[in-house]
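Side-chain atoms are counted along with the backbone in the values below, which use heavy atoms only and exclude waters and symmetry mates.
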Amino acid sequence: MTTTLLKHEWLRTRGALGTALGMIALIGVLGSLLGSAGWPLLSQLGMALGVLAAVVAVPAVQLTLAADYWRTGYGRTGYFTHSIPVRGSAIFWVRLVWAIIASLAALVLTAGLALVAWWAAALHSGLTSPSLSLLSDTWAAVTTAAPPWMIAAGLIAGLSSFLIWPVYYYFAVSVGHERRLAALGAGGPVVVFVVVYLATQVLSLLAMIALPFGVAMDAGGSLEFVRFDILGEVAAGAAARNDVMPVGFVAASAVLVAYCLWRTARSWNHKVALV
C-alpha cells in the first residue's frame, strides 16, 4: 500500500512540480546567460534572476506540495483522501517522504543553477570559474580542517536545514485544521505556523544556553569544539567572539521536528475536522 500511495503522489503532483521546476530552471539558465553577456543593467538583471532561481527552487517545490497537502487533505477533496482504507498517519508519512524526495531533486537543481550562475559571474568579475580541480581542492581543504565524523555531521545538519520545512508546513496545516481551530478557516494553519516559528527561536536560544558549545577554528586551521557561553558573549558586546558557530540550536531543532512529526501523525489519526 505504501508503494501505491507513493506512486499516487507522483502521478498527482508531477504536473505542478514539473511546471515549477521547469520554469525555475528556464529562468535560472536564461538569466545566467544574460548575465554572462556583459551588457550594462541587463546583465545585472540576468544575474539577479539566475541567483534568485537557485535560491527559490527548494522553497517553491516545498510550498507547492504544502498547498497540495492542504487542498487534498483538508479542502474539497479531503473527504476522498480520508476515506482511503489506510490509517491516516500512513498517508501523512507517504506524503512527507514524497516531499523529501522532491526537495532533494530541487536541491540538485539548485546546485546546477548555482554553478551556472557562478560561471556567468566569473566571466566578467575576476572570480575563479567553477571546475573539478577547484571543487577537489575545496574538498581537500575541508577534509584537512575537520575529521570525517564532523564533516558527516555538518553535511547532515546542512541537508536537514532544507528538509525540515515540509515537517513544519504539514504540522501547521494539520493542527490548524483540528476542531478547536477549524473555525478560523485558513487562518488556523497560519496561526500555528507563526507559533512554530516563534517556538523555534525561543527553543534555539534556550538550547544554546543549556548546551554552551560551538565550533571554531584553532590556530592550526582545524575545526574543534569550544565552550561558547552565549549570554556571556552578548554581555561582552563589541568584544564578543565572532568566529564561533553555536551548535545547541541543532538539538532544539531535532526535538521540535520530532514533536511535529508525532503530533501531525496523531492529528491524522484522531483530530481531523473537515469543514
task: Answer yes or no: is there a donor N or O on one side and an acceptor on the other, between the side chain of T200 and the main chain of V196, under 3.5 Å?
output: yes

field: Check: S43 side chain, P40 main-chain N or O, donor-acceptor pair, under 3.5 Å
entry: no

Report whether [X] and [Y] are members of the same hydrophobic cluster (ILVMFWY, side-chain heavy atoms less than 4.5 Å apart, transitive linking).
X	Y	result
I156	F213	no
L123	L33	yes
L34	L30	no
Y170	L63	yes
I91	I101	yes

Measure across [X] and [Y] and return the closest heavy-atom pair with its distance rounded to 0.1 Å.
X	Y	value
I151	A146	CD1-O, 3.6 Å
P189	V173	CB-CA, 3.9 Å
T64	A20	OG1-CB, 4.5 Å
P130	L134	CA-CD2, 4.4 Å
M47	A117	CE-O, 3.4 Å

Output the distance between atom [atom1] ([X]) and atom [atom2] ([Y]), rounded to the nearest 0.5 Å.
X	Y	atom1	atom2	answer
S32	L115	OG	CG	10.0 Å
L206	M208	CG	CE	9.0 Å
T143	M150	OG1	CE	13.5 Å
S174	E178	OG	CD	8.0 Å
L159	L163	CG	CG	4.5 Å
L49	L113	CG	CG	12.0 Å

message: According to side-chain contact (heavy atoms from CB on, under 4.5 Å), who are the partners of L21, at least two apart in sequence or on a separate chain?
response: V61, A106, L109

- prompt: Does the side-chain contact (heavy atoms from CB on, under 4.5 Å) test come out yes or no for L17 and W98, once each step is laid out?
  reply: CA-CA 12 Å; L17 291 178; W98 175 239; 3.8 Å; yes

field: T4 and K7: CA distance, side-chain angles, deciding distance, side-chain contact (heavy atoms from CB on, under 4.5 Å) verdict
entry: CA-CA 5 Å; T4 301; K7 179 181 178 181; 5.7 Å; no

message: Centroid separation under 6.0 Å, is that true for the rings of F193 and Y169?
response: yes

Where at least one partner belongs to residues 90-116, residue pairs that pass salt bridge (charged side-chain N to carboxylate O under 4.0 Å, His left out), sequence neighbours excluded: E9-R95

message: More than 12 heavy atoms of other residues, nucleotides or ligands under 6.0 Å from CH2 of W262: yes or no?
response: yes

message: I'd like to know whether CG of L11 has more than 12 heavy-atom contacts from other residues, nucleotides or ligands below 6.0 angstrom.
response: yes

Verdict with supporting geometry, F162 and L104, side-chain contact (heavy atoms from CB on, under 4.5 Å): CA-CA 9 Å; F162 289 97; L104 290 174; over 6 Å; no

message: Given C260, which partner from the list V175, V167, V255 fulfils the side chain to side chain contact (heavy atoms under 4.5 Å, CB included) test?
response: V167

- prompt: Have S36 and W119 got a donor and an acceptor in their side chains that come within less than 3.5 Å?
  reply: no

message: Quick check on ring pair (Phe, Tyr, Trp, His ring centres under 6.0 Å): which of W70, Y69, W268, F171 does H177 satisfy it with?
response: W70

message: Side chains of L211 and F249, heavy atoms from C-beta outward: is any pair under 4.5 Å?
response: no

- request: Classify the angle between the aromatic ring planes of W165 and Y168 as parallel (below 30°), tilted (30 to 60°) or perpendicular (above 60°).
  value: perpendicular

